[in-house]
Engineer: 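Can you read through this structure? Questions will come right after.
Residue numbers run from 1 in the order of the sequence given. Computed over heavy atoms, backbone and side chain alike; hydrogens, waters and symmetry mates excluded. None of the values given here were measured: they were computed from a predicted structure.
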Amino acid sequence: MEPSNKDHHYHLLAAADSESESPFSADTQLKNDSKRQPTWPVLATGASDHPPQKLKATQPSLNKYALAGALLASTNSVLLGYDIGVMSGAALFIREDLNISTTQVEILVGSLNVCSLIGSLASGKTSDWIGRRNTIVLAAATFLIGALLMGLAPSFPFLIAGRVVAGIGVGYSLMIAPVYVAELSPALTRGFLSSLPEVFINGGILLGYISNYALSGMPQNINWRLMLGLAAFPAIAVALAVLAMPESPRWLVMKGRLDEAKQVLMRTSETKEEAELRLKEIAKAASSLLITSTPAAGTSSSSNWHGQGVWKELLLRPTRPIRRILIAAIGVNFFMQASGNDAVVYYSPEVFREAGIHNKKHLVGVTILMGIAKTSFVLVSALFLDRFGRRPLLLLGSIGMAISLAALGFGSKFLEFSGDKPDWAIGLCVVAVCSAASFFSIGLGPITWVYSSEIFPMRLRAQGSSLAIGVNRLVSGLVAMTFLSISREITFGGMFFALAGIMVVGTVFFYFFLPETKGKSLEEIGVLFEDQVHEEEEEENHKMLLC
C-alpha cells in the first residue's frame, strides 16, 4: 500500500506489468501535490513492513557517476558552440578570400542551422532504435566529417557541402545530449545536469572566439580553414569519451533490459532503495509501451519497440495533455531562436562594425568579452536551476533580454543618425549585446534544453524532443539567413527593437504555458499537464493578473 506521507518524493508504484496504466496515470495524492514545492525524498523498499524513513532535509548531494555521464554527453555540445563562435570571425576572412557576397555569407552561416533540422528530426527515431549512447557517437562522427570538409574546402560550394554535413551532426547532438542527461539524472539535480549542454555550448563559443583571435594574424587563405578545421579535434574526443558512458536507464527499460537498467540506476542513486524506487517508477511509465508495441502475433517483450507510432500519437491524435506538452516544448524552442541570440552572436562583428569599431583584431577581441559574459552567466544559471526553479530564471532572463535588446536598438538608432559616433553610444551597444547574451544564458539558453528533455513522457521523449528541437533549428536557420538582409531594410536598430518585442511576447507565453518542474521525477512531470492541474493553474494565474 502506498505511503501517504506528504513529504514522500518517490512514490511506491504498481508493478511494471500493469497493462492498464497510461504514461500520465498517477495517484490522487500526486495530483493534489503537483503544484507544491518539492520536498526531500523518502527512500523506502516495497518489501519492507516498516514505515519509510525520512532523510534529513539537507542539500541533495551531486551523484558523481551521474555527473560524469552528464559531462561526457554534454561535451558533444562543444561542437555547436565552437562553430557558432568561430564562424562569427571566420566569415570576415572567408568573404574576402573567396570574394563572396553578403547573401552568400548569410547562406554560409545559416546553412548549418537549417541542415541541423535534418539531424534533429532524425535523431529521435535513431536514438529509440540504436540507443542514446550510440546516437552521441553518430553525432560526433558526422560533425567530424563536416569539419574536415570545411577545413579543406577549396571553394564556396565545397564549403557549403561541409556545412551541410556538420549541420546534420549538430542536429543529432542538440537533441540527444539533453535527453540522455535528463534520463540519467536524479530528480533533485536534474536541472543542473540537464543545463550542462548549454554550459558546453557557451564554452565552445568562447573557444571559437579565442581561436578567431589567435589565428586572425595568419595569411587570409589559411586562417579561416584552420579555424573551421580545428573543430575535428573535439569531435574525436567526444567519440572516444562515449566509450566510458553508460546507456540511458530509461531506454534500457523500454527495451526490456531491466537488469542493465537497475545497474545504471544503482550507480546514479545514493542508495539501493532509491534505485529500486526509481526503477519502479520508470517501469510503470513504460508499461503502456508493452501494449502499443505488441505486434499482431503477440509478444510481451518491449525489445521489439523501436519508436514506431510516436509521430502519429504526437501529431495526428494527441491527447489534451500531450497537446499542452507540445505547445510548451515547441513554444520555448521557437522563442529561444526568435530572440535572435544566435544571429547576434554570428554577426556580432558586423554589429560592432556598424557601431564604429573597424579594426578586425578589435572586432574579434570584443566578441571574446561577449563569450566570457555568456559562459559566466550560464554557469550561474546552471548552479541555481534546482534551487530557484525553471520559471523564475526563465522569466528573469526573457525580461532582461527584452530590456537589453531595446537598449541595443536605441544605441544603434542613435549611431545611425550621429555623424561623429560618440564613445558612450558605442559603449552602450557593446554593453547591451553582452547584457542580452548574459540574460539569454540565465534563462532561455539552458532552460530550453532542460524543458525539452524532461516534459515529454518516456516513450515520446526522444521523438517529441526531436520535433521541438527541429523547430528550434529551423527558426535559427531562418533568422541567421535573413538577419543581415532584414537589417539592411529596417537598420540594425529597427531589427533589435523587433527582437525586443518578440521577447515581450515570449515572456507572456512562458508565464502562462510553462509550469514549474523543479524537483519532480520525469514520471511525475506528466501530471502537471493533466486537465485538473492545468485548470487550477490557469485560475491561479488569472487571479494574480487581476490583483
Side-chain angles (χ1 to χ4, degrees), residues 81 84-93 109 201-214 216 339-381 396-445 479-480 483-484 486-488 490-500 502-503:
I84 292 174
V86 82
M87 184 52 69
S88 67
L92 297 173
F93 304 102
V109 171
I201 287 176
N202 284 275
I205 291 174
L206 183 57
L207 288 175
Y209 289 155
I210 294 172
S211 173
N212 289 339
Y213 190 82
S216 60
S339 69
N341 176 78
D342 280 7
V344 171
V345 174
Y346 275 128
Y347 299 119
S348 54
E350 299 283 348
V351 175
F352 294 137
R353 176 186 285 170
E354 188 73 15
I357 303 174
H358 298 290
N359 184 282
K360 287 184 181 179
K361 197 85 170 181
H362 292 166
L363 286 172
V364 175
V366 173
T367 61
I368 293 179
L369 294 176
M370 184 169 65
I372 293 173
K374 282 178 64 67
T375 305
S376 300
F377 280 96
V378 77
L379 282 170
V380 172
S381 178
L396 171 65
S398 58
I399 292 171
M401 280 195 74
I403 296 172
S404 300
L405 288 167
L408 181 56
F410 172 78
S412 299
K413 274 294 184 183
F414 186 89
L415 289 170
E416 179 186 343
F417 295 104
S418 175
D420 54 355
K421 295 189 182 298
D423 291 341
W424 70 264
I426 296 175
L428 175 62
C429 289
V430 173
V431 171
V433 168
C434 293
S435 175
S438 299
F439 278 113
F440 178 86
S441 295
I442 289 173
L444 272 170
V479 172
F483 184 84
L484 292 180
I486 295 176
S487 297
R488 280 201 307 267
I490 65 174
T491 73
F492 278 118
M495 187 67 170
F496 293 132
F497 279 129
L499 294 177
I502 290 173
M503 286 315 304

Engineer: Would you mind reporting whether F497 and S412 have side-chain heavy atoms less than 4.5 Å apart?
Structural biologist: no

Engineer: Listed by chain and number, what are the side chain to side chain donor-acceptor pair (under 3.5 Å) partners of T375, not counting sequence neighbours?
Structural biologist: none

Engineer: What are the two closest heavy atoms between S441 and N202, and how far apart are they?
Structural biologist: OG-OD1, 3.5 Å

Engineer: Shortest non-hydrogen contact from S438 to C434?
Structural biologist: OG-O, 2.7 Å

Engineer: Taking the side chain as C-beta and beyond, is there a heavy-atom pair between I490 and M495 under 4.5 Å?
Structural biologist: yes

Engineer: In the structure I gave you, are the side-chain heavy atoms of L408 and V433 within less than 4.5 Å of one another anywhere?
Structural biologist: yes

Engineer: Would you compute the distance between atom CH2 of W424 and atom CD1 of I426 and round it to the nearest 0.5 angstrom?
Structural biologist: 10.5 Å

Engineer: To the nearest 0.5 Å, what is the distance between CE (M87) and CG (N212)?
Structural biologist: 9.5 Å

Engineer: Say whether, by atom type as modelled, one donor and one acceptor occur between the side chain of S381 and the main chain of F377 under 3.5 angstrom.
Structural biologist: no

Engineer: Distance from K374 atom NZ to I201 atom CD1, nearest 0.5 Å?
Structural biologist: 9.0 Å

Engineer: Give the intermediate values and the outcome of side-chain contact (heavy atoms from CB on, under 4.5 Å) for residues I502 and L499.
Structural biologist: CA-CA 5 Å; I502 290 173; L499 294 177; 4.3 Å; yes

Engineer: Measure across M401 and A436 and return the closest heavy-atom pair with its distance rounded to 0.1 Å.
Structural biologist: CG-O, 3.7 Å

Engineer: If you compare all heavy atoms of V86 against all heavy atoms of S211, which two are closest, and at what distance to 0.1 Å?
Structural biologist: CG2-OG, 4.2 Å

Engineer: Quick one: closest heavy-atom pair of V479 and G340, and the distance?
Structural biologist: CG1-CA, 4.2 Å

Engineer: Step by step, would you call V344 with F496 a side-chain contact (heavy atoms from CB on, under 4.5 Å)?
Structural biologist: CA-CA 9 Å; V344 171; F496 293 132; 3.9 Å; yes

Engineer: Could you walk me through whether I486 and F492 satisfy the side-chain contact (heavy atoms from CB on, under 4.5 Å) test, starting with their C-alpha distance in whole Å, then the side-chain angles of each, then the deciding distance to 0.1 Å, before giving a yes or no?
Structural biologist: CA-CA 8 Å; I486 295 176; F492 278 118; over 6 Å; no

Engineer: Find out whether N341 and L444 are in side-chain contact, i.e. whether some heavy atom of one side chain is under 4.5 Å from a heavy atom of the other.
Structural biologist: no

Engineer: Write down the atom of A407, the atom of L428, and the distance for their closest heavy-atom approach.
Structural biologist: O-CD2, 4.0 Å

Engineer: Evaluate the side-chain proximity of L206 to I368: yes if any heavy-atom separation is below 4.5 Å, no if none is.
Structural biologist: yes

Engineer: Considering only heavy atoms from C-beta outward, does the side chain of I372 approach that of Y209 to under 4.5 Å?
Structural biologist: no

Engineer: For residues 398-409, which residue pairs pass the side chain to side chain donor-acceptor pair (under 3.5 Å) check, not counting sequence neighbours?
Structural biologist: S398-T507, S404-S435

